[in-house]
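Encoded as structure tokens, the structure appears first; notes follow it.
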Amino acid sequence: MDGTAIIIILAIAGVASVLLFALKGLLDQVPDVIESASKARDAWDSFKKPPAVPPAQQDQEPPAAT
């Protein structure tokens, strides 16, 4: 019975360490995901917004043809 308890304790500790390792890997990726989402949102906003075209100046003559 003593051997079984030790095996169970070691198994629980092993599973906990693997879960913590996986959770750390997942949390390390969160800043990159947030940065990528921000870049995608900015790109989508610039895609939806029409390009800024400066108004044509009426005071100038059109360029002469050569």
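Owing to the predicted nature of the structure, the values given are computational and were not obtained by experimental measurement. When a residue number appears, it is its place in the shown sequence, counting from 1.
- Taking S38 as the reference, R41, D42 meet the side chain to side chain contact (heavy atoms under 4.5 Å, CB included) condition, with sequence neighbours excluded.
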Just distance, no hydrogens or angles: give the donor-acceptor pairs under 3.5 Å from side chains in residues 4-11, sequence neighbours left out.
none

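- In the hydrophobic clustering, where aliphatic and aromatic side chains (Ile, Leu, Val, Met, Phe, Trp, Tyr) are joined below 4.5 Å either directly or transitively, W44 groups with F47.
- By the salt bridge (Lys or Arg N to Asp or Glu O under 4.0 Å) test, K24 is found to be paired with D28, residues two or more places apart in sequence or in another chain being considered.
- Summarising the hydrophobic clusters (Ile, Leu, Val, Met, Phe, Trp, Tyr; side-chain heavy atoms under 4.5 Å, direct or chained), the residues clustered with L26 are none.
- V15 belongs to a hydrophobic cluster whose remaining members, ordered by chain and number, are L19; membership requires side-chain heavy atoms of ILVMFWY residues under 4.5 Å apart, directly or through intermediates.
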